[in-house]
Each structure stands twice: as C-alpha cells, then as structure tokens.
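All remarks here apply to the structure that follows.
What you see below is based on every heavy atom in this structure, not just the backbone, and it leaves out hydrogens, waters and symmetry mates. For this chain, numbers begin at 1 and follow the sequence in order.
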Amino acid sequence: MKRLVKFLIILSIFLLLYFILFKILEIDKIILKKIYPLKYSEYVEKYAEEYNVDKYLVYAIIKAESNFKENAKSTSNAVGLMQIMEATAIETANKMNLNITELDLFNPELNIRLGLEYFTNLLDKYNDNYNLAIIAYNAGIGNVDKWIQDGTIKSDGTDLENVPFKETNNYVRKILRDYEIYKELYEKQM
C-alpha cells in the first residue's frame with residue numbers, strides 16, 4: 001500500500017510539473033522556436049511579400065536547405081541560405097538584370113531574393129502547385145517534367161510518395177512538415 005501511495009505522489013508531482021512547464025510556461029513552444037527560428041526575417045518577409053509566397057514556406061525551405069547557415073555550401077556546390085546552384089543563380093540574376101558572382105550568393109538578402117525569384121518561376125511553370133515547385137526546387141525541372149510525362153507523378157502533385165529520388169521524396173515531406181510547424185508556432189500569435 002505504501003508503494004502505491006508513493007507512486008501516486010510521484011505521479012502527481014510529475015503531472016503538476018508537466019502542467020506548469022508545458023502548459024502554463026509553454027516550454028514546448030519555446031524549445032520549438034529555437035529549432036524553428038525566424039532568422040533573416042527582414043529579408044524573408046520583404047521578399048516573401050514581394051513574390052507573394054507564404055513567409056513560413058520560405059522559412060521551411062531555408063531550414064531544410066541550409067538550416068539558416070548563410071555560408072553553407074553543399075557537396076553539389078549549392079550555396080547560401082537557399083542553397084542555389086551557381087548556374088541557376090546566374091541565369092536567374094541575368095533575367096533580373098543583375099550581375100553576380102558565386103561569392104555574392106553568400107549574401108543573405110541576395111540569396112533569398114534569387115531563391116524566391118527562382119521558386120516563383122517554378123510556381124509559374126507548375127500553375128501555383130506548391131508540391132511540384134518544391135519537388136523541382138530540389139530535383140530540377142527536367143526530372144519533374146519527365147516524371148509527370150511518364151506518369152511517375154501526377155501533374156497535380158498529390159502523389160508525393162511516388163517521387164523516385166529518395167532524397168527529394170524526403171525533402172518535400174520535410175518542407176511541408178516544417179511549413180505546418182512554422183504556421184502553428186507563429187501564425188496564431190500575430
């Protein structure tokens with residue numbers, strides 16, 4: 001009987017602490033906001049508005065691509081916050097009448113601007129279908145077009161599970177998951 005009473009006391013204390021820490025103090029949200037930050041918000045929000053893309057999606061892309069490390073460079077030579085390939089960045093910049101170098105791509109504002117310009121081009125190409133634009137951002141337009149043409153994925157982007165590149169399949173799911181987390185964490189407080 002003493003063990004049961006002791007167990008119930010410990011359980012009660014644990015539940016009280018849980019309630020205080022997680023419900024009243026919202027420790028879980030404090031921790032999640034450290035994992036899902038709003039870094040570079042002055043640029044993200046400026047260009048998300050300019051390009052009419054949900055800012056929380058932009059944060060999710062940056063988190064997945066570089067985890068907010070402005071000097072990030074991948075093994076495939078994608079650079080900066082939004083991990084843009086140099087050739088893609090130069091082509092995008094040329095269309096915007098900008099002259100850039102690879103070094104310029106490490107500038108957070110320019111990287112976000114070019115990344116969003118490129119992403120909105122993908123959205124235009126795929127009729128504002130976020131799923132297909134996200135897939136193309138990772139795997140390339142040529143792959144997405146081929147997968148749609150040969151029936152591997154649907155042209156409405158509803159069958160993400162059929163994306164044949166494991167990395168891209170995981171990438172799209174991560175972006176969409178993180179996008180929902182960002183909205184849940186920050187949208188309601190504004």
Side-chain angles (χ1 to χ4, degrees), residues 15-74 78-85 88-89 92 96 104-139 144 156-161 163 167-190:
L15 291 173
L16 180 63
L17 285 174
Y18 172 82
F19 183 76
I20 290 170
L21 290 175
F22 287 91
K23 297 300 178 191
I24 295 173
L25 298 177
E26 294 187 324
I27 295 293
D28 55 337
K29 286 192 177 182
I30 293 169
I31 293 168
L32 281 172
K33 285 181 178 182
K34 295 287 185 194
I35 297 169
Y36 296 91
L38 298 179
K39 292 183 178 180
Y40 304 99
S41 61
E42 65 274 24
Y43 308 130
V44 170
E45 294 186 24
K46 174 183 177 181
Y47 292 111
E49 185 175 332
E50 183 177 317
Y51 288 100
N52 197 30
V53 175
D54 189 319
K55 64 185 175 185
Y56 300 119
L57 180 61
V58 180
Y59 286 119
I61 292 170
I62 293 172
K63 178 163 179 44
E65 289 290 350
S66 68
N67 202 24
F68 297 95
K69 294 177 185 128
E70 66 186 64
N71 293 321
K73 187 168 186 174
S74 73
V79 296
L81 291 169
M82 294 192 70
Q83 290 291 281
I84 306 169
M85 298 295 291
T88 301
T92 302
M96 300 168 68
D104 294 328
L105 295 178
F106 292 104
N107 174 295
E109 181 173 15
L110 180 63
N111 192 280
I112 291 169
R113 182 178 178 201
L114 289 172
L116 279 173
E117 174 74 24
Y118 179 63
F119 187 73
T120 55
N121 290 337
L122 295 173
L123 284 172
D124 289 344
K125 176 171 179 40
Y126 295 110
N127 300 313
D128 290 326
N129 186 306
Y130 277 85
N131 289 353
L132 294 177
I134 293 167
I135 295 168
Y137 194 86
N138 182 264
V144 173
D156 65 3
T158 58
D159 56 346
L160 300 175
E161 68 278 0
V163 172
E167 176 193 331
T168 302
N169 194 306
N170 291 334
Y171 172 85
V172 175
R173 292 169 193 277
K174 179 176 172 41
I175 297 283
L176 295 174
R177 180 201 68 210
D178 289 356
Y179 176 44
E180 292 303 318
I181 291 170
Y182 269 106
K183 287 193 304 186
E184 179 69 26
L185 277 176
Y186 295 104
E187 202 168 51
K188 292 178 182 172
Q189 72 182 29
M190 303 204 167

Next on the checklist: Applying salt bridge (charged side-chain N to carboxylate O under 4.0 Å, His left out), can you list everything that pairs with Lys69, at least two apart in sequence or on another chain?
Outcome noted: none
Next on the checklist: Other residues, nucleotides and ligands only: do more than 12 of their heavy atoms fall within 6.0 Å of CG on Asn52?
Outcome noted: no
Checklist entry - For Ala78 and Gln83, which heavy atoms make the closest approach, and how far apart are they? => result O-OE1, 3.2 Å
Next on the checklist: Which heavy atom of Lys33 sits nearest to which heavy atom of Leu185, and what is that distance?
Outcome noted: CE-O, 3.7 Å
Next on the checklist: Taking the side chain as everything from C-beta on, heavy atoms only, tell me whether Asp54 gets closer than 4.5 Å to Tyr182.
Outcome noted: no
Checklist entry - Would Tyr40 and Glu70 count as having a side-chain donor-acceptor pair, cut-off 3.5 Å? => result yes
Item to check | Contacts of type side chain to side chain contact (heavy atoms under 4.5 Å, CB included), residue Asp178, not counting sequence neighbours | outcome: Tyr36, Ala60, Lys63, Lys174, Ile181
Next on the checklist: Is there a side-chain contact (heavy atoms from CB on, under 4.5 Å) between Leu57 and Ile134? Walk through the geometry before answering.
Outcome noted: CA-CA 10 Å; Leu57 180 61; Ile134 293 167; 4.1 Å; yes
Checklist outcome for this item: Residue set satisfying side chain to side chain contact (heavy atoms under 4.5 Å, CB included) with Ala133, at least two apart, ordered chain then number -> Phe119, Leu122, Leu123
Checklist entry - Who pairs with Lys73 by salt bridge (charged side-chain N to carboxylate O under 4.0 Å, His left out), at least two apart in sequence or on another chain? => result Glu102
Checklist entry - Shortest non-hydrogen contact from Met82 to Glu65? => result O-CG, 3.8 Å
Item to check | Distance, nearest 0.5 Å, that separates OH of Tyr137 from CD1 of Ile61 | outcome: 6.5 Å
Next on the checklist: List the residues meeting ring-ring contact (aromatic ring centres under 6.0 Å, His included) with Tyr179, not counting sequence neighbours, and say none if there are none.
Outcome noted: none
Checklist entry - In terms of ring plane angle, is the pair Tyr56 and Tyr59 parallel, tilted or perpendicular, where the classes change at 30° and 60°? => result tilted
Checklist entry - With sequence neighbours excluded, what pairs up with Asp104 under the side chain to side chain donor-acceptor pair (under 3.5 Å) test? => result Thr101
Checklist outcome for this item: With sequence neighbours left out, the residues meeting side chain to side chain donor-acceptor pair (under 3.5 Å) with Asn170 are none
Checklist entry - Checking side-chain contact (heavy atoms from CB on, under 4.5 Å) for the pair Asn127/Leu132: CA distance, chi angles, key distance, verdict? => result CA-CA 9 Å; Asn127 300 313; Leu132 294 177; over 6 Å; no
Checklist entry - So do the side chains of Ile62 and Ile112 get within less than 4.5 Å of each other, counting heavy atoms only? => result yes
Item to check | Results of salt bridge (charged side-chain N to carboxylate O under 4.0 Å, His left out) for Glu184 - residues two or more places apart only | outcome: Lys188
Checklist entry - Looking only at heavy atoms, which two atoms of Asn111 and Val79 are closest? And how far apart? => result ND2-O, 3.1 Å
Checklist entry - Glu109: what forms a salt bridge (charged side-chain N to carboxylate O under 4.0 Å, His left out) with it, not counting sequence neighbours? => result Lys46
Item to check | Lys183 with Glu180: basic N within carboxylate O range, under 4.0 Å | outcome: yes
Item to check | Results of side chain to side chain contact (heavy atoms under 4.5 Å, CB included) for Asn138 - residues two or more places apart only | outcome: Glu167, Thr168, Tyr171
Checklist entry - Rounded to the nearest 0.5 Å, what separation is found between the CG atom of Leu116 and the OH atom of Tyr43? => result 14.0 Å
Checklist outcome for this item: In short, Asn129 meets Asn131 closest at the heavy-atom pair OD1-N, 3.0 Å
Checklist outcome for this item: Closest non-hydrogen atoms of Phe68 and Leu81, given as atom of the first, atom of the second and distance, are C-CD2, 3.6 Å
Next on the checklist: Which residues pass the side chain to side chain contact (heavy atoms under 4.5 Å, CB included) test with Glu117, not counting sequence neighbours?
Outcome noted: Tyr51, Thr92, Met96, Asn121
Next on the checklist: Quick check for you: to the nearest 0.5 Å, what is the distance between Ile135 atom CD1 and Leu160 atom CG?
Outcome noted: 5.0 Å
Next on the checklist: Is it the case that over 12 heavy atoms from other parts of the model lie below 6.0 angstrom from the CD atom of Glu161?
Outcome noted: yes
Checklist entry - What residues form a side chain to side chain donor-acceptor pair (under 3.5 Å) with Asn169, not counting sequence neighbours? => result Arg173
